[in-house]
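Presented below is the structure to which this report refers.
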2 protein chains.
Amino acid sequence: MVDAPGTPWHGPASVAVRQANLRERNLAALVAGVCRATSPPSRADLATELSMTRATAARLVDELVAAKVVDEVERERTGRGRPALALRPGSGIVAVGLAIETDRVLARAVDLRGDVVVDRVAPTASRDPESVLDALAREAREVRARLRGRRVVGVGVAVPGIVTDDGRLLRAPNLGWNDVDVAGALQPFAGRHRVLVANEADMAAFVEAEPAPGRPGDWSDFVHVSAAVGVGGSIVTGGRVVAGEHGAAGELGHVCVDPSGPACACGSTGCLERYVGLEALAAVSGLDRDDVAAGMGPRAAEGDVRCQVALEQVTHALSVALASVVNVVGISSVVLGGHLATLPPATLDAIQQRLDARVLGSRWTPVRVRAARGDDAAAATGAAHSALGDVLARPAAWV
Amino acid sequence: MVDAPGTPWHGPASVAVRQANLRERNLAALVAGVCRATSPPSRADLATELSMTRATAARLVDELVAAKVVDEVERERTGRGRPALALRPGSGIVAVGLAIETDRVLARAVDLRGDVVVDRVAPTASRDPESVLDALAREAREVRARLRGRRVVGVGVAVPGIVTDDGRLLRAPNLGWNDVDVAGALQPFAGRHRVLVANEADMAAFVEAEPAPGRPGDWSDFVHVSAAVGVGGSIVTGGRVVAGEHGAAGELGHVCVDPSGPACACGSTGCLERYVGLEALAAVSGLDRDDVAAGMGPRAAEGDVRCQVALEQVTHALSVALASVVNVVGISSVVLGGHLATLPPATLDAIQQRLDARVLGSRWTPVRVRAARGDDAAAATGAAHSALGDVLARPAAWV
DNA sequence: GCAATATGTTTGATGGTCGAACTTAAGACG
DNA sequence: CGTCTTAAGTTCGACCATCAAACATATTGC
């Protein structure tokens, strides 16, 4: 990615740095180094990578080990010289990631290595905010009860709607919620930790950008499509999720595919959601809503005409809508998530080809399309990752 | 703006910080403080604002004054106590901002205060890359000859096209250029300074985000439309310009307004550029291309039917195209630049109202539309600002 | 003229990192 | 088996930027 013209310097950077911050930042750099590494590094490896002295690296790492933010593990003999003590992200540090979906709630604990330590899903009978949030808090407590002494460092919640800075869910069309204080409802569970609430699309995108806490994914600039009942989008540049002004980065579902298309609840016509949303695809393919993700591709391959039509509809609508997006934001990589992550490779190829034809810059940087790697609870994982981000950013607070 | 879910920490932050960096960063923080301030601050003001001691602030500021990065000025007596020595960004530090347009080249020198010190414009007879770049270098040298001992700290170039990391202009449709090494051509002029090449739309957006170097504008999150012969767009979040993968953040001009509209050179149909680009508006309004910006509004007010039609066309096309953009990126503020900056207020209001009707989130955060503040050489100013950014980011290199 | 007030300056103390020497634990080789 | 080589981790004094607090300076107000 090209440098944006100059980096305005009136950001958080314009605060004085003191010696304590220096130590803080070096601790953070070390944790980042351990998380980023593909094979567990030693103190000496970190020192050379970060160009600090072994002395400093070792002293700081000792503190991190004492705080269990990183673990020392045996490393297989690698060559001559004194064998190194390899370092891995601490498995004793976890965050709780929660997610509210239209008909279920999810709660999981993820450790600094990105391993899902505890995982729970509970269907919700009613969509009443109070009962849903009660169920969510109950699952969260169940998760915490199964942690066997691991240290919880944060709580994140993924919600399908527009969110305020202070964790209120302003509007969730598919839940029918208006102005629900999600952070407030979960604060009793979180205790002194801040409850980090964000849009599920952003959370899922975050997992694609960073498959494990602090470890960058293979692409650092892409548009992420999270498809479920609603269709959302997030933009990732330089490995960072760009959230819009209300954390609903992309109302991608309401990009116009065809002005003369079917009416949408949003008041417009021919919105993307009416072509690739779960409801729409269930109707066209003839499948049950829960079977769309797994069934559409195989059925089409077996010759099911309705599923073939559904795939063609997805291909057409996505290539039209994403062409606009790619042209507008100048990012030519696309990751498809949710039930679109299970589209057959041939469909992905078709989408890519049609995008190439519609996108201006494709001659210079061809469009790339791939399926999301996260599981169907990516948003909950992302919520946990976000909460773990505090440890990566300021490990000093935990030593 | 809502925090994006967690900030991935594998960025530039994962480098060890040494004591020298500490000093560097504090120097940068002080310069930023001086630039950001609305009224010239004293050493003591800066110390309290940045929460460092007066001792440190004074010591570092002394170095900055010696290097002429900041100037000491008399401050009018404000109250009792020892009178302060006020500080302003140094007027002796300038950067040269260059711009290539379809039929002219621009060169200006801008100092750290944001004042344009020297300004030159030269029409170009041919569009041959070599002759245009020669003319540009000539104007740049003219500018430098008039600087009277001011110190040049960088060179920036705004170009109407897609740019690579190393300053090559891959493609500029309206110039008919392909793969021209702009940075290389200007390197002899720039000497040891890096030649910073970026898209004109991004450069112009930068000026809106930061009207003077280091001073944040009134909006920090907006979509910027730069309209000329081509129509470009840039996205600014958190005061930073988000450049796409090839620095052509937004090919906004090729967002589809109406699939059944007129054919566009890009191969598609009904592109925004065909409705609000200079050529299109000149044709509809019956005005000369150079008179569109200044003439369209007044003529329409006087009852010129063709100009009224043109304004209506602009209103319609912009509200359709921008609705997509606003929905996609979740940023609901729009700044119109280029010849769209002179649209009459009534037209801006009309665009805003139609956008509100089309944008989902407008109930929560209404869409705001305003005209750009920059002059018609905003891109050149932005190029200079970008180059000055080096001084703001690492003043230590200049002391 | 003197108290009050606030800016700027000097001084020694503090704390985190650097550099270099030292210790430790393995493999390599005769 | 013993010695050499290599590389990881450790110790210790030096350095340097900041801090804290006292001091010097310049103006207002009485």
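In what follows, chains carry the letters A, B, and so on, assigned in the order in which the sequence lines appear, proteins first and then strands, with residues in each chain numbered from 1. These values consider heavy atoms only, across backbone and side chains, with no hydrogens, waters or symmetry-generated copies.
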- Message: Please give me the minimum heavy-atom distance between A/A158 and A/A383, naming the atom from each residue.
- Response: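 That would be N-CB, 4.0 Å.
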
- Query: Contact class for A/R54 (heavy atom, under 4.0 Å): base, sugar-phosphate, or nothing?
  - Reply: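 A/R54: base contact, heavy atoms under 4.0 Å.
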
Could you tell me the separation between the [atom1] atom of [X] and the [atom2] atom of [N], rounded to a whole number of Å?
X	N	atom1	atom2	value
B/L87	C/dT7	CG	C1'	12 Å
B/R43	D/dA26	CZ	P	14 Å
B/L30	D/dA17	CG	P	14 Å
B/L85	D/dA26	CG	P	11 Å
B/R80	C/dT5	CZ	P	6 Å
A/E63	D/dG9	CD	C1'	16 Å
B/D62	D/dA17	CG	P	15 Å

- Message: Given 3.5 Å as the limit, does a donor-acceptor pair link the side chain of A/E208 with the main chain of A/G374, or not?
- Response: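 Yes, A/E208 side chain to A/G374 backbone: donor-acceptor pair under 3.5 Å.
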
- Message: I'd like to know if the side chain of B/R113 and the backbone of B/P89 have a donor-acceptor N/O pair within less than 3.5 Å.
- Response: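 Yes, because the side chain of B/R113 sits within donor-acceptor range (under 3.5 Å) of the backbone of B/P89.
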
Got a list of protein N/O to nucleotides 13-20 of chain C N/O distances below 3.5 Å?
unit_1, atom_1, unit_2, atom_2, d
C/dG15, N2, A/Q19, NE2, 2.9
C/dG15, N3, A/Q19, NE2, 3.3
C/dG16, N2, B/Q19, OE1, 3.1
C/dG16, N2, B/Q19, NE2, 2.3
C/dG16, N3, B/Q19, NE2, 3.0
C/dT17, OP1, A/N26, ND2, 2.9
C/dT17, OP2, A/R59, NH2, 2.4
C/dC18, OP1, B/R18, NH2, 3.3
C/dC18, OP2, A/T53, N, 3.4
C/dC18, OP2, A/T53, OG1, 3.4
C/dC18, OP2, A/T56, OG1, 2.8

- Does the pair A/R36/A/E210 count as a salt bridge with the N-to-O cut at 4.0 Å?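 Salt bridge between A/R36 and A/E210, a charged N being under 4.0 Å from a carboxylate O: no.
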
- Message: Need to verify one output field. Residue with the more 5' nearest nucleotide on DNA chain C, B/S42 or B/G81?
- Response: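 By nearest-heavy-atom nucleotide position, the 5'-most residue is B/G81.
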
- Task: Return yes if a side-chain donor-acceptor contact under 3.5 Å exists between A/D111 and A/S91, otherwise no.
- Result: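 Looking only at side-chain atoms, A/S91 and A/D111 do not form any donor-acceptor pair under 3.5 Å.
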
- Item | Close side-chain approach of A/D221 to A/V236, heavy-atom, < 4.5 Å |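 Sidechains of A/V236 and A/D221: no contact.
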
- Tell me which nucleotide among D/dG9, D/dT10, D/dA26 gets nearest to the side chain of B/R82.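 Nearest to the side-chain atoms of B/R82, counting from C-beta on, is D/dA26.
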
